[in-house]
K.L.:
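Before I ask anything, here is the structure I am working with.
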Amino acid sequence: MSTAPNRRAVAVILLIPLMVTLALWAFAWPAARIAPRDLPVGVAGAAPAAEQLEQLEQRDGAFEVHRYADEAAARAAIEDRVVYGAVVATPQGPHLLTASAASPVVSQLLREAVTASAPEGTRVEVTDVVAAPAGDPRGSALGASVLPLALAGMAAGAVVTLMGLRGARGALTLLAASALVGLAAAAVTHSWLGVVTGDWWTEAGVLALTVLAIGSAVAGLAALFGPRGIGLGALLMVLLGNSFSGVTSAPQLLPEPVGAIGQWLPPGAGGSLLRSVAFFDGSAAGGPLLTLSLWSALGLAAVLLARRTPKPVEPARTEPAGPARESALAG
C-alpha cells in the first residue's frame, strides 16, 4: 500500500488547523488589543488651562500631545492629518475638536478620555471638524472595502500567473485589470453608497493603484518563487495586510508593531491614502502613495523581467541510413 496518499491526508489534516490558528491570530489578536498608543492629539488655549489638559500625556504613553497656540492652529493640524483631534481650553471649559472622517473609533475614544479628565460637572463641547460622510457615519463601509480590494488584487495576480502571462503582456494585463477595478469600485463607493466624498477620478485612481500594488506584488512573487509565490502573496496581502491595515480603527490603536507593518503593506497604505483624498484634500498622502508606488514598481519589474517557462523540445526524428533505410523501404 502506497504511503504517499496517507502523507498528503495527514498534511491536510495538520495544515487546516494551522491556517485557522494563523487567521484567528491575525484578525482577533489586534482587535482584542485595541488601545491608544502614542495617538497624536493636540492641546490649545491659555497656558494655565491648557496645562490641566496635558494630563492626557501622562496616560502610559497612550497619547502624543502636540501643543498649539489657539483653536485655529489646532483645527489646521486636524485638517492636515497631523493629529486626530484637539482639546481647546476655554473659560467655559474644554472644547474638543474631533475628525470622525479620520477614525470614528478615535473620535469616540477622545470624547470619553476628555470627559473623564474634565472637572466633575463640566460640560465638554464637541465639534466634528472633518465629519464622516452621512452615507457612512461609523466608517464601517470604508473599512469593509479593504478586503474586496485585496481579493481583487490577489485574483489579478494569481490569474496572470496561472495563465502564464509574463513580460509586457503580463504587466499590461495587471494595469488594465486594476484600472477597471478602480472605476467600478469608485462607482460603488462614491456614486452609489456615498462612502467617500472627494474627487471621483482621484478616488478611482487610488483604488486602482491599491489593486495594482497587490496584484503586481502577487504576480511578482510568483515570478520569483513559482506557484508558492501565490500563497506567499495571499499571506502578506490578504491575511496580514487586511487584518493589520487599521482602516476600521486607526494604526495607532493596534498593538506594536502591527500598526506600522500594516501601513507598509498595500491594503493599509491604500486605506490611508483613500481617507486622505476622500476627506482631507490629499493631506498626508505622500507616505501611503510612496508605499503603493514601490510595491507596484517592484512587482511589475519582476513580471517584466520574468522568463516564460520554455516548452519541452521533442527530440528530432532521424531517418535510418544505409542498408537499414533500404530494408525499411523494401518492407
K.L.:
Within the supplied structure, the quantity of interest is the number of heavy atoms (other residues, nucleotides, ligands) at a distance under 6.0 Å from W201 CH2; does it exceed 12?
P.N.:
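Atom CH2 in W201 is not crowded, with 12 or fewer foreign heavy atoms closer than 6.0 Å.
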K.L.:
Any heavy-atom pair between the side chains of T210 and L273 that's under 4.5 Å?
P.N.:
no
K.L.:
Can you name the closest pair of heavy atoms from L224 and A302 and give their distance?
P.N.:
CG-CB, 4.4 Å
K.L.:
Would a distance-only check, ignoring hydrogens and angles, find a side-chain to backbone donor-acceptor pair under 3.5 Å from T291 to W264?
P.N.:
no
K.L.:
Can you list the steps and then say if R75 with T127 is a side-chain contact (heavy atoms from CB on, under 4.5 Å)?
P.N.:
CA-CA 10 Å; R75 283 177 175 266; T127 300; 3.6 Å; yes
K.L.:
Does any part of the side chain of F244, heavy atoms only, come nearer than 4.5 Å to the side chain of L239, both counted from C-beta?
P.N.:
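Heavy-atom side-chain distance check fails, nothing below 4.5 Å.
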K.L.:
Return yes if some donor-acceptor pair links the side-chain N/O of Q263 with the main-chain N/O of S245 below 3.5 Å, else return no.
P.N.:
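Yes, the answer is positive, given that a donor and an acceptor are paired below the 3.5 Å cut-off.
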K.L.:
Any donor-acceptor pair under 3.5 Å linking the side chain of S272 with the backbone of A269?
P.N.:
no
K.L.:
Under the side chain to side chain donor-acceptor pair (under 3.5 Å) test, which residues partner S103, sequence neighbours left out?
P.N.:
none
K.L.:
Do you know which two heavy atoms are closest between G139 and P104, and how far apart they sit?
P.N.:
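Shortest heavy-atom contact: N-CG, 3.8 Å.
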K.L.:
Take atom CG in D281; do more than 12 heavy atoms of anything else shown fall under 6.0 Å from it?
P.N.:
no
K.L.:
Are L183 and L207 connected in a single hydrophobic cluster, I mean Ile/Leu/Val/Met/Phe/Trp/Tyr linked by side-chain heavy atoms less than 4.5 Å apart?
P.N.:
no
K.L.:
Below 4.5 Å, heavy atoms only, C-beta onward: do V188 and L193 meet side chain to side chain?
P.N.:
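Yes; the side chains approach each other to less than 4.5 Å.
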K.L.:
For E112, does its backbone N or O pair with a side-chain atom of T115 as donor and acceptor, under 3.5 Å?
P.N.:
no
K.L.:
Going only through I, L, V, M, F, W and Y residues with side-chain contacts under 4.5 Å, is there a path from L290 to V277?
P.N.:
no
K.L.:
For W29, what residues pass the ring-ring contact (aromatic ring centres under 6.0 Å, His included) criterion, not counting sequence neighbours?
P.N.:
W25
K.L.:
Membership question, hydrophobic clusters at under 4.5 Å side-chain separation (ILVMFWY): are W200 and L142 in the same one?
P.N.:
no
K.L.:
How about P30 and P255: do any of their side-chain heavy atoms sit closer than 4.5 Å?
P.N.:
yes
K.L.:
Heavy atoms only: give me the nearest A250-Y84 pair and the separation to one decimal.
P.N.:
CB-OH, 3.6 Å
K.L.:
Do V87 and V41 have side-chain heavy atoms sitting under 4.5 Å apart?
P.N.:
no
K.L.:
Taking all non-hydrogen atoms of both residues, which atom of E79 and which atom of V130 are closest, and how far apart?
P.N.:
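Here E79 and V130 meet closest at CG-CG2, 4.1 Å.
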K.L.:
So, do V129 and T98 sit near enough that their side-chain heavy atoms are less than 4.5 Å apart?
P.N.:
no
K.L.:
Minimum heavy-atom separation for P266 and I214, please, with both atom names.
P.N.:
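Closest pair (atom of P266, atom of I214, distance): CB-CG1, 3.6 Å.
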K.L.:
Would a 4.5 Å heavy-atom cut-off, applied to side chains only, mark R111 and V126 as touching?
P.N.:
yes
K.L.:
Ignoring hydrogens and geometry, is there a side-chain-to-backbone donor-acceptor pair from N242 to A150 under 3.5 Å?
P.N.:
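Not at all, since once roles are kept as given, no pair shorter than 3.5 Å links the two residues.
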K.L.:
Are the side chains of M154 and I230 in contact, using a 4.5 Å heavy-atom criterion?
P.N.:
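With C-beta onward as the side chain, the pair touches.
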K.L.:
Using the side-chain contact (heavy atoms from CB on, under 4.5 Å) rule, take V303 and S216 through it: C-alpha gap first, then chi angles, then the decisive distance, then the call.
P.N.:
CA-CA 8 Å; V303 173; S216 59; 5.7 Å; no
K.L.:
Does the side chain of E203 come under 3.5 Å of the side chain of T189 through a donor N or O and an acceptor N or O?
P.N.:
no
K.L.:
What pair of heavy atoms forms the shortest contact from G194 to T197, and how long is it?
P.N.:
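Shortest heavy-atom contact: O-CG2, 4.2 Å.
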K.L.:
Could you give me the CA-CA distance, side-chain angles and deciding distance for T248 and V105, then say whether side-chain contact (heavy atoms from CB on, under 4.5 Å) is met?
P.N.:
CA-CA 8 Å; T248 56; V105 176; over 6 Å; no
K.L.:
Using a 3.5 Å distance criterion without hydrogens, assess whether the side chain of R37 forms a donor-acceptor pair with backbone atoms of L253.
P.N.:
yes
K.L.:
If you apply the rule side-chain contact (heavy atoms from CB on, under 4.5 Å), what do you find for R275 with R81, and how did you get there?
P.N.:
CA-CA 10 Å; R275 282 192 190 277; R81 299 200 73 184; 3.7 Å; yes
